[in-house]
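To keep things clear, I will list the structure first and then write my remarks on it.
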Amino acid sequence: MPVDYFTAAAVRAAEAATGDLLTSGALMQRAATGVANVVAAHLVSTGGCYGRGVGLVVGAGDNGGDALFAGALLARRGVSVCAVLLNPERAHPAGLAALRRSGGRVVERLPATMDAVVDGVVGIGGHGPLRESAATVFASVTAPVFAVDLPSGIDADTGVVHDPAVSADVTVTFGVRRNAHLLAAPHCGRVVLIDIGLGDLDGADLRSWTDDEVGRCWPVPGPADDKYTQGVVGVVAGSPRYPGAGVLCTGAAIHATSGLTRYAGSAGAQVLSRFPEVVVSESPQAAGRVQAWIVGPGFGVDDDALARLRTVLAADVPVLVDADGLTMLAAHPELLAARTAATLLTPHAGEFARLAGQPLGPDRLAAVRDLAQRLGVTVLLKGRGTLIAGPEPSTPVIGNDAGSSWAATAGSGDVLAGLAGALLASGRSPVDAAAMAARVHSVAAAIGADDAPLGASRLLGAIPAAITRLRRAAGASVVRQ
Ligand SMILES: NC(=O)C1=CN([C@@H]2O[C@H](COP(=O)(O)OP(=O)(O)OC[C@H]3O[C@@H](n4cnc5c(N)ncnc54)[C@H](OP(=O)(O)O)[C@@H]3O)[C@@H](O)[C@H]2O)[C@@H](O)CC1
Ligand SMILES: [K+]
């Protein structure tokens, strides 16, 4: 099952639909119990609850109410709980009374040594950066931070991390995940989802694929397959100045599927010396039939490159455009007008700005969705958090948090393009191909890096192990050999 993420408005609508549960405060009690249990589990795993110190940083809304009720529950378990009220007159009255009844204290500032700090400043009602009073409290916090719903200072819908904002070790959220949990994943830490009885929600804004899903969908040869039935991909990449891009992109395509890989360009000799299984030609016209093209990595932007881009985009098969191909496409958007098959663009932020005609801006989710709809293509926006939007407005954007930044290295994008292009040739839709490629790319980066910087060659070499890991996550029985 994919993991779905929702906007604050969708969360509020789902809460409102519960009627009595919301108005009676039952939802808040469930939320607070979840927070208390997560914090207590941390205390237990690090020595026990009794006599340990937990600080609450409490804002003026219901997020602060959650923190206060959670603090009350912890105090009843023998935890020494103290709360800083950022706006004492507006602190949640029932929550504050509950804390006091349980023996929790209100303090001006948190003690220097704490075992955990609960961020109850703001949740889905927050806007803008952490205000000064809250920022001052967090500036001296060294204990693990447990964010209620969202780390404060992070926008629930866009994931924009304002400055300052809380960076959490654990985020405890309720009912459904919010967009920010994926878009600002590095700031949320471990996200724990508490069931408060909202049920299943439709209309996700954002979605991520799980490892087992990618593994289940990964194309592997069946009994009736040969090299042609699994998809032939053509790679138009590399140049005399940048032959390596052609080698890396072609190598990734070879590792992705068992289909045939053709290379068309000036780096044929280098490609062949590394990968003798590739069928090499000088130009796309001479390459023979393919089920998808990859065009652009290390390609240059001269007239010859533009002519090749034009040829490839005129073909009635899916095309992935990357790197220099995107720079040329930004100057010649008319090349998309005559496309009859799907197109997948894979820009980084700079290429995105060229295509969109304006800087990416902080709201990456809206930007990628707008560009995909405007151009009528699928767009994969690269980064630590990859975002993939198709041209249909009704479908959720797919996001992939890499979990690490090891893949931020030269040639990494060429590898991603090779993976996604081969999956396009195997018949996957552009959104699926992009989502699967992004996931396997980040897993390969983690495996290849093994906690030390890696180059794109090692990233390439880790692709088979990454595919194996994802397929194992899906269970061995799903694919008949
Ligand atoms: N409804 C329910 O039953 C359930 C709700 N639940 C919980 O409620 C939360 C939503 O509560 P909410 O709607 O009260 O908004 P909330 O996130 O507390 O923020 C609003 C307050 O923050 C303030 N503020 C804004 N920005 C700020 C900033 N940058 N820095 C500092 N302050 C800032 C703003 O102040 P103002 O702008 O008015 O001065 C206003 O007072 C949700 O995230 C979940 O935790 C769960 O218990 C499940 C059941
Ligand atoms: K919070």
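Both counts, for ligands and for their atoms, begin at 1 and track the order of listing.
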Would Leu150 count as a contact for the K ion (ligand 2), in the sense that one of its N, O or S atoms lies under 3.4 Å from it?
yes
Closer than 3.4 Å to the K ion (ligand 2), do we get an N, O or S atom from Asp119, backbone or side chain?
yes
So does Asp4 pair up with Arg177, basic N to acidic O under 4.0 Å?
no
Below 4.0 angstrom, N of the basic side chain to O of the carboxylate: do Arg178 and Asp149 qualify?
yes
Checking only N/O/S atoms, does Ala147 have one that is under 3.4 Å from the K ion (ligand 2)?
no
Less than 3.5 Å between some nitrogen or oxygen of Ala31 and one of ligand 1, yes or no?
no
Output the list of atoms in ligand 1 that are nearer than 4.0 Å to some heavy atom of Gly123, sorted by atom number.
16 (P), 17 (O), 43 (O)
Decide, yes or no, whether a salt bridge links Arg190 with Asp169 under the criterion of side-chain N to carboxylate O below 4.0 Å.
no
Report yes or no: does Gly120 have an N/O/S atom closer than 3.4 Å to the K ion (ligand 2)?
no
Are His181 and Tyr5 close enough that their ring centres sit under 6.0 Å apart?
no
Atoms in ligand 1 flagged as close to Gly128, the criterion being non-hydrogen separation under 4.0 Å:
29 (N)
Taking Asp205 first and then Arg369, would you say they form a salt bridge - that is, a charged N and a carboxylate O separated by under 4.0 Å?
yes
